[in-house]
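Each remark here refers to the structure printed beneath this line.
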Amino acid sequence: MDPDAFSATLFKWDARAAPPSRLLIHDASVSATAHVSAGGVPPLGPAAVAAAIPPPYCRSKDLGGLEDLFQNYGVRYFTLAKMAEMGFTASTLLNMKDEELDEMMATLVDVFHWDLLVGERFGIKAAVRAERRWLLDDDGEKVGGVAGNGGGGGGWEVVVEGKKGQRRRRGTRGGINGEGGGDDGGDRQREHPFIVTEPGEVARGKKNGLDYLFHLYEECRGFLIQVQNIAKERGEKCPTKVTNQVFRYAKSMGASYINKPKMRHYVHCYALHCLDEASSDRLRRAFKERGENVGAWRQACYQPLVAMAAHHSWDIDAIFNANEKLCIWYVPTKLRQLCHQQRTAAAASMGTAHLRQM
């Protein structure tokens with residue numbers, strides 16, 4: 001075996017540029033400061049450029065969405081890398097309180113001895129607040145927050161389900177009421193938020209009424225029929241319920257205002273409208289008179305449906321499948337959970353009453 005060939009393959013140098021050392025960066029900063037004190041403009045040397053721009057091996061690191069969250073807020077890349085090293089992600093920061101953010105920054109400075117700039121402290125809080133406003137639903141419910149009052153009271157106040165979708169840049173946000181743009185990733189404009197309106201009432205201003213919301217479900221049903229016809233012509237499997245395929249088809253036909261988050265968000269409200277329109281109208285009038293927001297009205301729509309399920313052996317799926325308009329929609333998970341809770345509570349109360357009689 002040739003020893004020269006072995007040594008040549010053993011020692012291989014990385015041809016990529018090595019990261020600048022701290023001594024070079026320090027010397028460049030000292031020389032630049034001395035030049036400014038002399039009345040001149042500091043030169044932009046290679047060390048200064050390397051210090052300002054992170055090297056490629058750092059830029060490719062996964063920061064858990066922090067880079068998009070703090071974009072244009074004056075937070076340095078290396079600060080974001082340190083936060084990611086501590087285990088923080090964009091989703092974690094969005095669900096933290098202001099006191100917890102202060103504690104995180106104090107840990108960054110005291111424990112890890114990180115030179116956190118004053119502007120970065122304010123930038124972190126400002127970015128988190130701005131992101132929370134963007135993720136705010138049209139009904140005033142925040143991610144992970146508690147539903148607004150007036151939704152039936154007591155045990156009917158449920159926690160809002162957290163967002164599970166991927167984060168999108170601010171230019172492409174749609175939220176629950178967002179109007180999707182084209183497939184080329186263009187900007188999306190938010191659809192006008194919903195407000196509680198009486199039957200037949202037209203919302204004023206840049207708002208949408210509940211009649212328009214229920215009309216979207218009828219329109220989505222029409223798109224499902226079109227998808228079924230196309231599948232039959234092609235000899236493919238026909239969807240029997242509104243799936244992602246229907247939402248994609250609606251978007252391709254220009255109806256980007258029909259999106260999965262929004263339609264799944266209010267499907268139980270539409271179910272109450274289909275099963276007991278009179279009860280739904282009374283609920284709308286009551287909440288309109290009290291000036292409640294659409295989030296409180298949405299939570300209140302759960303209770304009548306659970307009461308209906310109690311008269312049908314708690315089989316909420318059978319109620320949906322028996323209705324012509326509801327059979328194409330999946331039963332919301334929250335509604336199924338509430339029915340299960342009420343069924344368990346009713347069984348426990350009956351067992352207690354039986355024991356007392358004995």
Side-chain angles (χ1 to χ4, degrees), residues 11-136 142-145 162-164 166-171 173:
F11 300 101
K12 291 185 178 180
W13 297 95
D14 191 357
R16 296 178 298 178
S21 63
R22 295 185 178 180
L23 295 177
L24 291 177
I25 296 174
H26 177 70
D27 294 340
S29 61
V30 171
S31 62
T33 305
H35 192 71
V36 171
S37 62
V41 179
L44 189 61
V49 174
I53 302 175
Y57 71 90
C58 288
R59 291 197 299 269
S60 61
K61 184 178 180 180
D62 184 15
L63 299 183
L66 295 177
E67 191 173 7
D68 292 337
L69 176 62
F70 295 106
Q71 187 180 14
N72 301 326
Y73 280 94
V75 184
R76 295 171 298 177
Y77 181 88
F78 294 105
T79 301
L80 301 181
K82 194 64 177 180
M83 294 169 60
E85 182 181 348
M86 294 171 60
F88 290 99
T89 62
S91 301
T92 305
L93 296 178
L94 290 177
N95 287 277
M96 292 171 60
K97 301 178 181 178
D98 291 341
E99 296 80 5
E100 295 173 338
L101 290 175
D102 292 333
E103 184 179 354
M104 181 272 295
M105 289 185 286
T107 304
L108 192 63
V109 174
D110 299 336
V111 179
F112 292 91
H113 306 287
W114 191 258
D115 185 15
L116 190 64
L117 304 179
V118 178
E120 289 182 313
R121 293 177 179 268
F122 288 95
I124 290 174
K125 287 189 174 182
V128 171
R129 293 194 188 103
E131 187 72 9
R132 287 172 181 170
R133 287 195 296 267
W134 275 103
L135 294 177
L136 206 65
K142 291 186 178 180
V143 176
K163 298 290 188 297
K164 297 181 180 179
Q166 296 180 351
R167 293 185 65 257
R168 292 168 288 184
R169 294 183 180 271
R170 279 181 183 78
R173 294 188 202 282

TODO: Look only at the side chain of Thr107 and the backbone of Glu103, and say whether a donor-acceptor pair between them is shorter than 3.5 Å.
DONE: yes
Task: Test side-chain contact (heavy atoms from CB on, under 4.5 Å) applied to Leu93 and Met104, Lys125, Glu100, the passing residue - done: Met104
To the closest 0.5 Å, what do you measure between [atom1] ([X]) and [atom2] ([Y])?
X: Leu66; Y: Tyr77; atom1: CG; atom2: OH; answer: 10.0 Å
X: Glu131; Y: Ser91; atom1: CD; atom2: OG; answer: 9.5 Å
X: Arg76; Y: Leu116; atom1: CZ; atom2: CG; answer: 7.0 Å
X: Ile124; Y: Asp98; atom1: CD1; atom2: CG; answer: 12.0 Å
X: Leu80; Y: Glu120; atom1: CG; atom2: CD; answer: 8.0 Å
X: Glu85; Y: Trp114; atom1: CD; atom2: CH2; answer: 8.5 Å

Task: side chain to side chain contact (heavy atoms under 4.5 Å, CB included) between Val109 and Asp115, intermediate numbers included - done: CA-CA 6 Å; Val109 174; Asp115 185 15; over 6 Å; no
- [ ] Just jot down the side-chain contact (heavy atoms from CB on, under 4.5 Å) partners of Phe122, sequence neighbours excluded, or say none.
- [x] Val118
- [ ] Mind listing the closest non-hydrogen atom pair of Leu108 and Met83 along with its distance?
- [x] CD2-CG, 4.3 Å
TODO: Please report the shortest heavy-atom distance between Phe70 and Ala127, naming the atom on each side.
DONE: CD2-CB, 3.4 Å
